[in-house]
Amino acid sequence: MEHPRPLLFVLPKPDKLSGVALSFLDSNFDDLQDLLSRASNLTSHLKHDTLHLNDRLLHLRMDLTKHAVSWISTSLSAKNSLDDLRLSLESLCLVTSLPRSRDDAVRKQREHELQQLVEELCRIQNRRRYLMTVLKLESLVGDLEDSVFHPMRGRSMLQDRVFNHAIKTMNEIEQVLGDVTRHHHSQWRRLVDTVDSRVDKSLSILRPQIIAEHRAFLSSVGWPPKLALSKVEGVEAACSIPNPLVLMMQGDQKECYSQSFLLLCGLQRLNTLKEKRKKLQESSSVGLWALDELVIPVASRMEYHFMKWAEEPEFIFALVYKVTSDFADGVDYLLQPLIDRAMLVSCSAKEAWVSAMVQMLSCFLEKKVFPGLIETFKEKKKHMKPEDVSSWFHLVDQMVTFDKRMQSFVNSDTCLSYEDSSVSFPQGMSVMGIFCKRPELLKTWGKIELKDAYRKLKEDIKKEKAWVVDSEGTRLGNESNSVSAKYVLSTREDYKAPFVAETFISRTWTLIDHGLSLPTILPRIQFVRATATKFLWYIFKTLLLEFKKTDLSEYSSFEDSLIQACGPINTARYLESKLREWSDDLVFVEMWDAETNVKVGRETEVSCQGCFFGEELKSLVELETNWLMEIITVCLHQFDNLCGDHFHNNTEPWDEDVLTVSRGVAEALDSLRRELSVLQLNMNRKDFLDLWRNLAEGLDHYVSCKFFVGEAVLLRRRFEVDAEALMMVFQPYCVRPGAFFPRVREILRLLSMNEEEKARLRGALSRNGSNCLSSFGISNLSPQHVKQFCRCY
C-alpha cells in the first residue's frame with residue numbers, strides 16, 4: 001500500500017503563491033492543525049461560491065447578449081437615419097442649383113427640409129445621449145447589485161471594502177441622475193424612476209447592515225454608559241460620567257469605529273443628495289446619523305428616569321444637561337477628525353451632539369409630557385386649576401432655562417452668540433423648538449399665558465394704590481431746573497404715571513419675553529401677536545374705562561376730576577414711550593420686517609407707522625388726543641360760562657385812571673390759572689405742553705370772535721387790559737405768551753393805530769383788497785374782520 005505524500009510535497013512553495021493567495025490562506029488558517037481540520041469546510045464553501053459566481057457570469061453573458069442585440073438594432077436604425085439624411089442633403093444640393101426663377105417656392109421647400117434636418121439631428125443626438133446614459137447606468141447599477149447581493153459572512157476588511165465600493169457606486173449613480181434631472185427630467189422620467197427603484201432595493205439591504213454593524217460595535221465597547229454609578233464609583237466620579245468612547249477605543253477598535261462612522265456619513269450624504277434632487281428636503285437642521293446612533297441607546301436608558309420624574313421636569317433637564325456636557329469633549333475629540341475626513345462642510349461634532357440630545361429630549365416631551373397637559377387644558381378650559389397652570393408654566397420656565405444653559409455651553413468654545421437676535425439659537429439645538437413644530441402647542445400656550453395675564457391684571461387694578469401717583473417723585477420732577485431736562489422723560493416718575501402703569505409694562509414685557517425665547521422668528525411673531533398685542537388692547541380698554549369715571553362736567557369738583565383724569569393720560573403716554581422704545585430695538589425691527597414680508601395674520605393697510613407696534617401706537621395716540629381735547633373743551637366751556645359777555649357790550653363802570661380787569665373776566669382767568677396749575681402739577685410735561693398750547697389757541701379764537709360779535713363800538717382800553725391779563729395767565733409756561741395769541745395780538749395792534757394809520761389801512765383795503773394786510777403786520781385776522789374794524793373805528 002502506497003503511503004500518502006507529506007504535506008510539504010503536496011502544497012506549493014510559499015514563494016510561488018501570489019500575495020492575494022497568501023493573504024487568503026493566512027486569514028483562514030492559523031497553523032497546520034487548523035489546516036487539517038478546516039480544509040474540507042473551506043473547500044465546500046469555495047465550491048458553493050464558485051457555482052454562484054458561474055451562475056452570475058452566465059446571467060451577465062445573457063444580459064450582454066440582449067444589450068448587444070438591442071444595440072445592433074439601434075445602430076441599424078441610426079444607419080438608416082443617416083442614409084436618409086445623406087439623401088436629403090443630396091436633394092438639397094440639387095435644389096440649391098436650380099435657377100432663381102422659382103426662388104420663392106424653392107425657399108419654402110428649403111426651409112421646410114432644413115427644419116426637418118435639424119429635428120432629425122436633434123433626435124439622433126438625444127437618442128445617442130439616452131443610450132449612452134442607459135449603458136452607463138446599467139453598468140453602475142449592475143456593479144452595485146453585485147456588491148450588495150453577494151453573500152458576506154462575518155465582519156472583515158473585505159466587507160468594509162464592499163460597503164465603501166457600494167456607496168461610491170451609488171454616489172456616481174446619483175451624480176448621473178442629477179444631470180439627467182436637470183437637463184432631461186420630463187423626457188427621461190421613467191428611466192430615473194426605474195434606476196431609483198433598483199438603487200432603493202439595494203439601499204434597503206445595505207443600510208440596515210451598516211447600521212447593525214455600527215450598533216453591534218458600539219455595544220461591544222460598552223455604549224451606552226451607566227447613568228447611575230455605584231456607591232464606590234460615585235465617591236471618585238461623582239462629577240462626571242466616564243465616556244467609553246474615549247476610554248476603550250484605542251488602536252484597531254478606533255480604526256473600526258472610524259470606518260463604520262465614515263460609512264454612515266457616506267450614506268447620509270447620499271441621502272441628502274437624493275432628497276435635494278427630489279426636492280424633498282425641507283430643513284437644513286438635520287443631525288448626523290452617526291450621532292443619532294450614539295443618542296438612541298442613551299435615550300432608551302434615560303427614558304426610565306424620565307418617566308419617574310414626569311412631575312418634576314427640573315430633574316429631567318438636569319440629567320440631559322449633565323450627560324450632554326460630560327460626553328461633549330470626548331465626542332468632539334473622537335468625531336471631529338472623522339467629520340473632517342468625511343468632508344462634511346460646516347459641521348461641528350459638539351453642536352451635532354448637543355442637537356441630537358436636545359432632539360431626543362424634545363421628542364420625549366412632545367410624546368409623553370405635553371399630551372397630558374393639552375388634555376387637561378381641553379377638559380378644564382374655562383376653569384383651570386391654579387396647580388395645572390403652575391405646572392405648565394414651570395415646565396416652560398425649565399425649557400427656557402435649559403436652552404439658555406445649552407447656549408452658554410455651546411458658545412463657550414466659540415466667539416458666536418445667539419442672544420438678542422431674531423435668529424436666536426438654531427431650532428435643532430433648542431427644546432423650545434417644540435412650539436415651532438407644533439402650532440397647536442404654541443396656540444394653547446398663548447391662551448394660557450394670556451388668560452393668566454388677564455387674571456393678574458384684574459387683581460392689580462383692584463389694589464388700593466393702583467392709580468396713585470408717587471407724589472415725592474412728582475415734586476422732585478417739577479423742581480428740575482434744566483429746561484431741556486424737563487422734556488427728557490424715561491421713568492414712570494418722570495411721566496407722573498400711577499403705580500399700575502409699571503404693572504402694565506411688566507406684564508406686557510413678560511409675555512413678549514416668553515415669545516422671544518422661541519428659536520425661529522415667525523412663531524415669535526405669532527405668539528407675541530396672540531398674547532402681548534391682545535393684552536395691550538385690554539390695557540387700552542382699562543384706561544378708557546378709568547378715564548370715563550371722571551366727571552368733568554361737575555364744576556364744583558372740576559379740579560379733583562382733572563387730577564383723576566391725569567392718571568390714564570400719563571399712563572397712556574408712558575405706555576407709548578415704552579412701545580416706541582421697544583419698536584426701535586433690533587429684534588422688533590427684524591420681526592416687523594419678517595411680518596411685513598410674509599403678512600403674518602395682519603392686513604397691510606392696518607399695520608401703520610412703520611414699526612412692530614404701529615397699530616397699537618396709533619390707537620394710543622388717538623386716545624391721548626381725544627382725552628386732551630375733552631379737557632380743553634370743558635375748560636373753554638367753563639371759561640365761556642364765567643366771563644359771559646364781558647369781552648363785548650360791557651356795561652360795567654370804567655375808571656380810566658385805574659386799569660383793572662373786568663370782574664367776569666377776572667373770575668374766569670382765576671379759574672383758568674388754578675386749572676392750569678393743577679394740570680401742570682399732575683400731568684406729564686409733554687401732554688401738558690400740548691394741552692396749554694392748544695388751550696391758548698382755543699382762547700385766542702374765542703376772544704377774537706367775541707371781539708367782532710355784538711356792539712360795533714367797544715371800550716378799547718378795557719379790552720386791552722383784559723387781553724393782556726389773559727396772556728399773563730400763560731406767562732409761567734413760556735417767555736412770550738403773545739406768540740400763542742396771534743389774533744388777539746393783531747386786534748391789539750389795530751386798536752393801537754392812530755387815525756393816520758387807520759386812514760392808510762382803509763385806503764389800502766379799498767385799492768388792493770386783502771393783499772395789503774401783510775404790510776400792516778396782519779396775517780391771522782380775516783379781511784372781513786379787518787374791514788369790520790375799519791368801519792367801526
Side-chain angles (χ1 to χ4, degrees), residues 56-147 166 168-203 270 272-281:
R56 180 62 181 164
L57 181 61
L58 181 60
H59 177 69
L60 290 175
R61 285 175 177 173
M62 294 176 64
D63 287 345
L64 181 61
T65 302
K66 292 179 182 179
H67 290 308
V69 172
S70 175
W71 174 253
I72 292 171
S73 175
T74 306
S75 299
L76 290 174
S77 176
K79 181 178 178 297
N80 293 332
S81 298
L82 291 174
D83 290 339
D84 294 339
L85 176 61
R86 181 178 56 80
L87 292 174
S88 298
L89 290 174
E90 291 176 355
S91 301
L92 182 61
C93 291
L94 292 175
V95 170
T96 55
S97 64
L98 293 176
R100 284 183 171 271
S101 58
R102 291 175 291 171
D103 190 50
D104 293 337
V106 171
R107 185 184 299 109
K108 293 181 180 179
Q109 179 68 19
R110 186 187 307 164
E111 290 175 355
H112 178 68
E113 290 180 355
L114 282 174
Q115 184 178 358
Q116 288 183 335
L117 174 62
V118 171
E119 291 176 355
E120 186 68 17
L121 286 173
C122 291
R123 187 180 66 83
I124 293 173
Q125 185 68 16
N126 287 335
R127 179 171 292 186
R128 177 179 173 277
R129 286 200 199 98
Y130 182 80
L131 291 174
M132 295 297 293
T133 304
V134 169
L135 288 175
K136 185 175 183 179
L137 287 174
E138 178 62 33
S139 175
L140 291 172
V141 173
D143 191 13
L144 172 65
E145 291 175 344
D146 290 342
S147 300
K168 180 181 178 182
T169 304
M170 284 190 288
N171 278 313
E172 294 177 1
I173 294 172
E174 189 58 39
Q175 185 176 359
V176 175
L177 291 180
D179 294 337
V180 169
T181 302
R182 284 190 295 272
H183 300 101
H184 311 281
H185 179 65
S186 57
Q187 297 90 343
W188 298 4
R189 183 176 298 171
R190 296 175 67 178
L191 172 65
V192 174
D193 292 342
T194 302
V195 174
D196 273 336
S197 176
R198 292 176 65 181
V199 172
D200 288 342
K201 289 180 182 178
S202 300
L203 194 58
L270 175 67
T272 302
L273 291 174
K274 183 175 292 187
E275 288 181 345
K276 185 178 180 180
R277 172 171 60 84
K278 295 181 178 180
K279 298 180 180 179
L280 298 176
Q281 194 168 7

Can you tell me how far [atom2] of [Y] sits from [atom1] of [X], rounded to the nearest 0.5 angstrom?
X    : Y    : atom1 : atom2 : answer
E275 : L270 : CD    : CG    : 10.0 Å
L144 : K201 : CG    : NZ    : 12.5 Å
L135 : Y130 : CG    : OH    : 10.5 Å

Exercise. Write down the atom of G142, the atom of R198, and the distance for their closest heavy-atom approach.
Key: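 Heavy atoms of G142 and R198 come nearest at N-NH2, 4.5 Å.
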Self-check item: Residues N126 and R129: side-chain donor-acceptor under 3.5 angstrom
Solution: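 Short answer, yes.
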Quiz item: Does the distance from a Lys or Arg side-chain N to an Asp or Glu carboxylate O, for D179 and R182, drop under 4.0 Å?
Solution: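 A salt bridge links D179 with R182.
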Quiz item: Do side-chain atoms of T194 reach the backbone of R190 as a donor and acceptor pair under 3.5 angstrom?
Solution: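 Indeed, once roles are kept as given, a pair shorter than 3.5 Å links the two residues.
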Going by atom type alone, with no hydrogens or angles, which donor-acceptor pairs under 3.5 Å involve a side-chain atom of residues 168-177 and a protein atom two or more places apart or on another chain?
residue, atom, partner, partner atom, Å
T169, OG1, H165, O, 2.7
N171, ND2, I167, O, 3.2
E174, OE1, R277, NH2, 3.3
E174, OE2, R277, NE, 2.4
E174, OE2, R277, NH2, 3.4

Practice problem: Kindly check if the number of other-residue, nucleotide or ligand heavy atoms within 6.0 Å of CZ (R128) is above 12? | Solution: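 Not more than 12 within 6.0 Å, no.
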